Protein chains: 2
Amino acid sequence: MNAKSNLEFALIGLLKQKPQSGYDLRKTFITTAMRHYSDSPGSIYPALRRLEARGWIAAEAESPHEAADPRKRRAYRLTPAGEASLVRWLEMPVTRNDVIFEGSELMLRFAYMDGNVPRSSALRFLDQFERELSLYIGELRAQLEQMSSKLPAHTGVLAFQSGIEQMEAQIAWAQKARALLGKESS
Amino acid sequence: MNAKSNLEFALIGLLKQKPQSGYDLRKTFITTAMRHYSDSPGSIYPALRRLEARGWIAAEAESPHEAADPRKRRAYRLTPAGEASLVRWLEMPVTRNDVIFEGSELMLRFAYMDGNVPRSSALRFLDQFERELSLYIGELRAQLEQMSSKLPAHTGVLAFQSGIEQMEAQIAWAQKARALLGKESS
DNA sequence: GTGCACATGTAATGTGTTACATGATTAT
DNA sequence: ATAATCATGTAACACATTACATGTGCAC
């Protein structure tokens with residue numbers, strides 16, 4: 001039941017925007033900022049099959065009778081069940097685990113919120129995101145203290161700091177984004 | 001010949017610091033900032049076997065004659081071949097592809113540089129890192145212009161901006177790190 | 001009519017995840 | 001003595017990557 005891979009949600013998010021073929025989706029992954037999702041046919045077509053088997057997407061019948069020529073262009077659209085699971089995914093709370101391990105999934109979720117969930121959900125997302133991030137960053141900073149008290153400023157410590165600073169940038173971004181979204185909804 | 005997975009290099013970097021057992025390595029992944037490398041026995045022990053088969057690590061013989069009881073603690077150390085491949089990996093140039101797709105591998109490499117490659121290699125790393133990142137960020141900003149000219153400040157645009165701002169944070173970090181390392185070496 | 005972009009697919013391989021199994025050592 | 005922790009391992013499964021296969025339609 002659960003689609004755990006980001007790729008599957010990346011696909012259904014795009015299909016929500018408009019029905020497309022596997023080839024169209026691949027081109028999006030190759031040419032746009034969604035580079036991180038694999039552009040290889042060996043991942044996309046099987047993923048579409050899984051989604052179809054799960055009933056989340058369906059192939060548009062070109063003409064109702066012809067028994068699908070497998071070599072012909074085949075556009076998929078999101079089913080109602082697919083839309084429901086997209087919304088469920090978008091509405092999931094932001095956990096500590098997410099901010100530690102699933103940073104890119106979180107951003108994918110946020111990117112897809114517009115038009116699919118109410119503005120208030122996006123604001124809640126940002127609040128939770130900032131909250132969990134701040135908590136985690138506190139722990140990291142404590143660890144950093146211990147590390148740097150023992151060692152001089154070696155590359156290990158610097159690399160660790162890089163992680164912290166990236167998270168700080170995310171917090172700053174979240175605050176900015178919330179201000180923007182909050183203002184607009186008034 | 002090539003170890004492509006980050007896990008394998010995470011392991012040999014730790015083994016370079018000191019010989020350890022698979023269990024010790026797991027604990028490091030669980031309790032320290034190296035959380036991102038899988039802590040599950042199903043990944044670590046097979047990875048150690050691969051590294052051993054490749055001749056990069058070797059099990060320390062507790063006593064020379066006893067034919068290894070498989071249930072006994074087994075500490076691994078890095079072989080000369082393993083050290084050589086660690087250094088080769090650390091000295092690899094930073095490519096455009098790396099900054100786009102392999103951010104965490106890059107930070108792992110940088111973290112392991114101390115004591116394994118000369119300071120000048122770390123400085124070169126930072127230069128290349130900053131260079132490739134700046135070039136890529138330029139492209140992303142151009143894409144952002146096009147996006148935001150068409151759409152209002154939707155969540156998609158904001159998510160995109162988040163990526164850019166994280167990269168900007170990395171550039172700022174690289175500059176700071178270079179200043180620090182450069183000063184110290186004088 | 002030859003080459004290229006379109007469009008979909010399969011097979012082999014490697015690896016990470018989850019869950020389970022095994023036994024030793026230490027603590028209560 | 002029994003539970004927890006130490007320590008290593010295997011098996012089933014899912015998934016991504018790579019490389020290959022297949023055929024269409026258009027341009028030149």
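Values in this document were obtained by computation on a predicted structure and should not be read as measured data. All chains are named by letter (A, B, ...) in the order of the sequence lines, taking the proteins before the strands, and each is independently numbered beginning at 1.
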If you only use heavy atoms from C-beta on, which nucleotide in [options] is closest to the side chain of [X]?
X       : options               : value
A:Glu8  : C:dG16, D:dC15, D:dT8 : D:dC15
B:Ser40 : C:dT18, D:dT8, D:dT17 : C:dT18
B:Arg74 : D:dG9, C:dT17, C:dG16 : D:dG9

Interatomic distance, [X] [atom1] vs [N] [atom2] [rounded to whole Å]:
X       : N      : atom1 : atom2 : value
A:Glu52 : C:dT8  : CD    : P     : 12 Å
B:Arg49 : C:dG16 : CZ    : P     : 16 Å
A:Ile44 : D:dA19 : CD1   : P     : 17 Å
B:Phe29 : D:dT8  : CZ    : P     : 14 Å
A:Asp39 : C:dC6  : CG    : C1'   : 16 Å
A:Asn6  : C:dT17 : CG    : C1'   : 15 Å
A:Leu11 : D:dC15 : CG    : P     : 12 Å
B:Tyr37 : C:dT17 : OH    : C1'   : 18 Å

(message) Under a plain distance cut-off of 3.5 Å, with no hydrogens placed, do B:Trp89 and B:Glu8 share a side-chain donor-acceptor pair?
(response) no
(message) With heavy-atom distances below 4.5 Å as the criterion, would you say the side chains of A:Arg35 and B:Phe101 are in contact?
(response) yes
(message) If I take atom CG from residue A:Leu158 and atom CG from residue B:Leu181, how far apart are they, to the nearest 0.5 angstrom?
(response) 5.5 Å
(request) Locate the shortest heavy-atom distance separating A:Ala33 from A:His36; write the atom from each residue and the value. (result) O-CD2, 4.4 Å
(request) Kindly give the heavy-atom pair with the smallest separation between B:Leu106 and B:Phe125, and that separation in Å. (result) O-CZ, 3.4 Å
(request) Would you tell me if any nitrogen or oxygen in the side chain of B:Tyr45 comes within less than 4.0 Å of OP1 or OP2 on D:dG9? (result) no
(request) May I ask you to verify if any side-chain N or O of B:Arg50 is less than 4.0 angstrom from the OP1 or OP2 atom of C:dG16? (result) yes
(request) Answer yes if the ring centres of A:Phe110 and A:Trp173 are under 6.0 angstrom apart, and no otherwise. (result) yes
(message) According to salt bridge (charged side-chain N to carboxylate O under 4.0 Å, His left out), who are the partners of A:Glu165, at least two apart in sequence or on a separate chain?
(response) B:Lys176
(message) Does A:Ser43 reach a base, just sugar-phosphate, or nothing at all? Heavy atoms under 4.0 Å.
(response) base
(request) Check DNA chain C against residues 17-28 of chain A and give the residues with a non-hydrogen atom under 4.0 Å, in numerical order. (result) A:Ser21, A:Gly22, A:Tyr23, A:Arg26
